[in-house]
Amino acid sequence: AEQLADSVHAELVSAARASPRALDTITLNAIIAGLSLSGCVEAAADRLRRWYTSVPRDADSYAAVIRGCVARKNMTIAEQCLAMCIDEDNLKPTKVIYELMIEVTLKQFNYEDAFVYLDALKVNGFVPDWRTYSLIVKRCAFVRDPRASIALSEMRSAGHFVPPSLSDFVKTAGRSSRPTPNKPGRVAGDGNDDDLGFAFKV
């Protein structure tokens, strides 16, 4: 994937010498996204730094890498991208970036920072979408974190439909009274989009 991405980028750079429009931010974002989602998040982060010399990075450039970090549960690269977005490019994180940061944090054994990103999302005037609330509710409910009920209530207040199965999960799920687990849970590993690395289903 890295070799293919570099080859495509080299062709675009060459074409841009004759036609500058051959290389733009949207095109680079697409290549970065493909590289990141293929599992090469470190390589995607590296190209994010090196490729945008003649065109600017935008929020979607960072979201492209962070989305791959979610799939790989790579919190380190995600945090580096967020810091770079804010500190180096002076870009304001979008709703998509905040929700991706929430999701990758929820995949960690210690997920406290998910609520920091949730607060930042709301402070900036965004409303978390249904999926984000659902992930928070399920992650908290799994370890009997009381914030599951709070998130469920917020979910309703935001106008999102709350399926009975989700409410029931909050009431019945969990195998620990600790808000944040200290030991790894059993990885479900079934490819479900809502799999946070723990064995639960809704």
Side-chain angles (χ1 to χ4, degrees), residues 1-126 128-129 131-132 135 187 189 191-197:
E2 291 183 49
Q3 186 176 9
L4 177 60
D6 287 339
S7 177
V8 172
H9 176 255
E11 289 291 334
L12 289 172
V13 170
S14 178
R17 295 191 183 101
S19 175
R21 292 185 179 181
L23 186 66
D24 59 19
T25 299
I26 293 176
T27 302
L28 288 183
N29 289 354
I31 301 172
I32 291 286
L35 189 59
S36 181
L37 289 174
S38 72
C40 304
V41 291
E42 292 85 358
D46 173 68
R47 274 60 170 187
L48 181 67
R49 285 189 174 277
R50 295 196 290 108
W51 280 0
Y52 295 78
T53 54
S54 59
V55 296
R57 289 181 290 255
D58 61 13
D60 289 339
S61 309
Y62 291 98
V65 179
I66 299 173
R67 187 169 283 108
C69 291
V70 172
R72 300 295 295 177
K73 305 179 185 178
N74 193 322
M75 190 70 190
T76 300
I77 298 295
E79 289 178 329
Q80 290 174 356
C81 286
L82 181 62
M84 186 176 165
C85 174
I86 297 171
D87 298 333
E88 295 188 24
D89 284 340
N90 296 313
L91 293 172
K92 186 175 181 180
T94 60
K95 180 176 183 284
V96 169
I97 288 178
Y98 279 127
E99 291 190 322
L100 288 172
M101 290 303 300
I102 290 169
E103 186 171 357
V104 71
T105 306
L106 289 172
K107 289 175 177 279
Q108 312 305 309
F109 298 128
N110 187 321
Y111 57 88
E112 289 301 310
D113 282 351
F115 296 96
V116 175
Y117 295 124
L118 178 64
D119 287 342
L121 186 153
K122 292 187 289 188
V123 164
N124 281 280
F126 301 120
D129 64 17
R131 186 171 185 276
T132 297
L135 289 172
V187 177
N192 188 293
D193 286 341
D194 291 340
D195 175 17
L196 298 176

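Positions are given from 1, in the same order as the sequence printed here. Computed from a predicted structure; not experimentally measured.
Shortest non-hydrogen contact noted between A78 and C69 is N-SG, 3.6 Å. Contact between L118 and P128 at its shortest, heavy atoms only, is CD1-CG, 3.6 Å. Pairing each heavy atom of V104 with each of Q108, the nearest pair is O-NE2, 2.8 Å. Pairing each heavy atom of T105 with each of A114, the nearest pair is CG2-N, 3.2 Å. Closest approach of C81 to I66, counting heavy atoms only: CB-CG1, 3.9 Å. Taking both residues in full, the closest heavy atoms of D24 and T27 are given as OD1-OG1, 2.6 Å, listed atom of the first, atom of the second, then distance.
Side-chain contact between L135 and I102: absent, with no pair of heavy atoms (C-beta onward) separated by less than 4.5 Å. V116 is not listed as a side-chain neighbour of E112, based on a closest heavy-atom distance of 4.5 Å or more.
To the nearest 0.5 angstrom, D87 atom CG is 12.0 Å from Q80 atom CD. Once rounded to the nearest 0.5 Å, the distance linking CG of N110 with CE of M75 reads 9.5 Å. Note that the OG atom of S7 and the CG atom of L12 stand 9.5 Å from one another [nearest 0.5 Å]. Atom CD1 of I31 sits about 7.0 Å away from atom NE2 of H9, to the nearest 0.5 Å. Between L121 atom CG and F126 atom CZ the span is 6.5 Å, to the nearest 0.5 Å. If you take CH2 on W51 and CG on L23, they are separated by 10.0 Å, rounding to the nearest 0.5 Å.
Residues in residues 63-101 take part in no ring pair (Phe, Tyr, Trp, His ring centres under 6.0 Å) pair, two or more places apart or across chains. Sequence neighbours left out, the pairs with a member in residues 27-52 that pass salt bridge (Lys or Arg N to Asp or Glu O under 4.0 Å) are E2-R47, D6-R47, D46-R50, R49-E88.
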Stepwise side chain to side chain contact (heavy atoms under 4.5 Å, CB included) test for E79 and D113: CA-CA 11 Å; E79 289 178 329; D113 282 351; 4.2 Å; yes

Side chain to side chain contact (heavy atoms under 4.5 Å, CB included) evaluation trace for V96 with R67: CA-CA 9 Å; V96 169; R67 187 169 283 108; 3.5 Å; yes

Chi angles and distances behind the side chain to side chain contact (heavy atoms under 4.5 Å, CB included) call for Y62, L82: CA-CA 7 Å; Y62 291 98; L82 181 62; over 6 Å; no

Side chain to side chain contact (heavy atoms under 4.5 Å, CB included) evaluation trace for I32 with S61: CA-CA 7 Å; I32 291 286; S61 309; over 6 Å; no

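Distance alone, capped at 3.5 Å, places no donor-acceptor pair between the D89 side chain and the C85 backbone. Checked by atom type and distance alone, the side chain of S36 pairs as donor or acceptor with a backbone atom of A64 at under 3.5 Å. Formation of a donor-acceptor pair under 3.5 Å by the T25 side chain with backbone atoms of P56 is found in this model.
N29 and Y52 form a side-chain donor-acceptor contact under 3.5 Å, judged by distance and modelled atom types alone.
Ion pair E103/R131 flagged as a salt bridge, since at least one NZ, NE, NH1 or NH2 atom sits closer than 4.0 Å to an Asp/Glu carboxylate oxygen.
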